[in-house]
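A short worksheet on the structure shown next.
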2 protein chains.
Amino acid sequence: MRKRRSLAMNLDAVAQKAGVSTSTVSRVLNNLEIVKTSTRSRVLKAAEELNYHPNLHARSLARGKSRILGIIVSNMENPFFLDIYRTLESDAHGQGLEVVVANTDYRSEQLLASVQLMIGLRVAGLAVIVSEMEDHLIQTVADSRIPAAFYDVGTPQKNITNIRVDYRKGIKKTVGYLCALGHRRMAFVGHHSTLGPISERRKAFLESVHRCSPSAEAKIFAGPDGLDGGRQAARELLESDFRPTAILCVNDFMAVGVMRELHEEGLQIPKHISVTGFDNIKLAEFCSPPLTTNHIPRDQIGHTIFDHVLGDGREQRDTGREIVIDPELVVRDSTGIAAKN
Amino acid sequence: MRKRRSLAMNLDAVAQKAGVSTSTVSRVLNNLEIVKTSTRSRVLKAAEELNYHPNLHARSLARGKSRILGIIVSNMENPFFLDIYRTLESDAHGQGLEVVVANTDYRSEQLLASVQLMIGLRVAGLAVIVSEMEDHLIQTVADSRIPAAFYDVGTPQKNITNIRVDYRKGIKKTVGYLCALGHRRMAFVGHHSTLGPISERRKAFLESVHRCSPSAEAKIFAGPDGLDGGRQAARELLESDFRPTAILCVNDFMAVGVMRELHEEGLQIPKHISVTGFDNIKLAEFCSPPLTTNHIPRDQIGHTIFDHVLGDGREQRDTGREIVIDPELVVRDSTGIAAKN
DNA sequence: CCAATTTCTGCAAACGCTTGCACGCAGAAC
DNA sequence: GTTCTGCGTGCAAGCGTTTGCAGAAATTGG
């Protein structure tokens, strides 16, 4: 005896109990039609009685593939990512696929571990929803030959499908809207991973403000992603000598944190200062005041990713390299006419 | 040739390239010390060059167990559950375990599928964070012999470890606090799965209100869990003829929804009406007004579960059956003196 | 230089499942 | 009563690892 097995819950046990061979049991459990009805029910009964659950590892190994969709997310706490995750999950379940998620918390070591995990699991498809990823890791995924799609990965890469949001367009629109309301001093609040050296968003913001009026002022602040991060960035802003009449936030989650801090400092929104966000998460309707924001269709993103990885769009996987999604401005009560100086 | 393999990325390939046997490669990859340094580096180099990633299914199969913590959650959207999940995840990673999550969305068919998945994966341990679970499913988990812990599963069961919060105590305290502020008409807002026939919370609420004053009035409302559900319950309340001066919500997430609806109907909090929640999620500090709530230590819950499943507390797994956690009232700005009629 | 250790490596079985192939056996056709 | 179908089942190989055991190689002591 090489090893003590805790419970002998395997095909063999069921086969013996039902008086058939393992092949037959396997066929019954996989709904192959070739099995006689009487044998079939006998097997089913035996499996039931033995409380048998097929070993998914063995199954994947034998089949040479798994029925698992892998999802890597940078920040599950942010409802934006959570929504994408949930869409993916529901699509996957719709196709009878299981889902394995890994959370990276924006930590690159966790990202690496997550990628290894997914490859090790030989997932049938992989969705990567992290804001930033080193090129060599992207390459690792590509080399693994696992059908994959990325959301908004920093630099566009040769061989991969990348879904991204045109933040530039959204920022332009938002700044334009604020400009029309008379705002001439605006701040941008980002989180750390939106601030890489090549940050398109930062540039778009500065350009847009300048286009509003050459004399308009712009400044950029940042904190970690999340409610606290937003609050922290707002505090920095308040402690600086910059007094904007409007603040653009890189996402709604941070915007809520920003609004809280402003509120506690006695600033009224939008009377004293306007605030906008991105994403249009559920919370944007529920905070006070409801947030003016840029709607980004998470469900569309999720469906698109799924389609390119495991769905019907699979065939064009190798052709469609980059899919761009446009945000749409949703005006609520957190923005108004610029306060006079 | 029986089957076309996409990529021959297995131990054999590495072994051949390094000119050793698969056993040696295995030993290197598992950091067994018996390997000579020179061979070791040769193997490592080969693995690197071939872009090799061990097949986790094969590994689990051979080892007869996996290094995976399974987590089943009813509603990832609710920050309360999310926090527990994150604590578990971080504990697991701390021990080099991977994590697989399944979301049930309060749907029992999903719960069943999730349980099957976890058993099929032969997870090393299982945490079940769903508010309600049928007895036979609990039994299935118990029969699987997988170390498991449940959070607040409806009926206490013979053979399992159950961590639960003493909502009764929290509700008593909250009602007492409101009573002292002069409230005599209170509503309770729950979600559907807190309303089973044996609902301890509902009873605790009614009793507590009665204890406050025999003539005090109490009524119960409900919606689905979540922001929208809270709003929906609040709308029902507003459309009824019941005019409470305070509303206790079963969790903060719903409370935020409730507050939003009240606000839009022109009711001021806490001037016209007081609102309380449970959980003390991050958002409770960030909403307007900040929410008076009952703190429930998610991290403690998470750590406790992990400990009982896979951590050091493992030894007592079969002894400690029920662990009770007390909530603690946190007073913020959403509660005040009862409005006079 | 040989024997006795000790260190390192390879062989092969096992993990639990899937699946191509072949075979048994019933009924149909002749 | 043969031969021919073809359905239903079993055999056994293979999926990619781990690991006990035994044997090879290196080291040591005498």
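Note on naming: letters A, B, ... go to the chains in the order of the sequence lines (proteins, then strands), and numbering restarts at 1 for each one.
- Counting to the nearest Å, the P atom of dC15(D) and the CG atom of L56(A) are 20 Å from each other.
- In this structure, N10(B) reaches the dG16(D) phosphate: one of its side-chain N or O atoms is under 4.0 Å from OP1 or OP2.
- Summarising the geometry, the separation between CG on D12(B) and P on dC11(C) is reported as 11 Å, rounded to the nearest angstrom.
- Computed from coordinates, the Q16(A) CD to dC17(C) C1' distance equals 16 Å when rounded to whole Å.
- Following rounding to the nearest Å, R63(A) (CZ) and dG20(C) (C1') show an atom-to-atom distance of 16 Å.
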Identify all pairs in which a protein N or O lies below 3.5 Å from an N or O of nucleotides 4-10 of chain D, and state each distance.
residue: dT9(D); atom: OP1; partner: T39(A); partner atom: OG1; Å: 2.5
residue: dT9(D); atom: OP2; partner: K36(A); partner atom: N; Å: 2.8
residue: dT9(D); atom: OP2; partner: T39(A); partner atom: OG1; Å: 3.4
residue: dG10(D); atom: OP2; partner: S21(A); partner atom: N; Å: 2.9
residue: dG10(D); atom: OP2; partner: S21(A); partner atom: OG; Å: 3.1
residue: dG10(D); atom: OP2; partner: T24(A); partner atom: OG1; Å: 2.6
residue: dG10(D); atom: N7; partner: R27(A); partner atom: NH2; Å: 2.7
residue: dG10(D); atom: O6; partner: R27(A); partner atom: NH1; Å: 3.4
residue: dG10(D); atom: O6; partner: R27(A); partner atom: NH2; Å: 3.1

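- Within the 3.5 Å criterion, the main-chain N or O of A149(B) finds no donor-acceptor partner in the side chain of N162(B).
- When atom types are taken as modelled, the side chain of D105(B) and the backbone of R107(B) share no donor-acceptor pair closer than 3.5 angstrom.
- Residue L61(B) places its side chain closer to dC15(C) than to any other of dT17(D), dC15(C), dT18(C).
- Under the 3.5 Å distance criterion, the side-chain polar atoms of R42(A) are left unmatched by any main-chain donor or acceptor of T37(A).
- Counting to the nearest Å, the C1' atom of dT18(C) and the CG atom of N31(A) are 15 Å from each other.
- Side chain of S26(A) to backbone of T22(A): no donor-acceptor contact under 3.5 angstrom is found.
- T39(A) places no side-chain N or O within donor-acceptor distance of the main-chain N or O of V35(A), the cut-off being under 3.5 Å.
- Ring geometry for F81(B) versus Y106(B): interplanar angle over 60°, hence perpendicular rather than tilted (30 to 60°).
- Rounded to whole angstrom, the span from the CZ atom of R67(B) across to the P atom of dT18(D) amounts to 13 Å.
- Neither OP1 nor OP2 of dT17(D) sits under 4.0 Å from any side-chain N or O of S26(B).
- E48(B) CD: 12 or fewer foreign heavy atoms inside a 6.0 Å radius.
- In this structure, the NZ atom of K65(A) is 13 Å from the C1' atom of dT19(C), given to the nearest Å.
- Within the 4.0 angstrom heavy-atom criterion, only backbone atoms of the sugar-phosphate kind lie near N30(A); the bases stay farther away.
- Whole-Å rounding puts the H57(A) NE2 to dT18(C) P distance at 14 Å.
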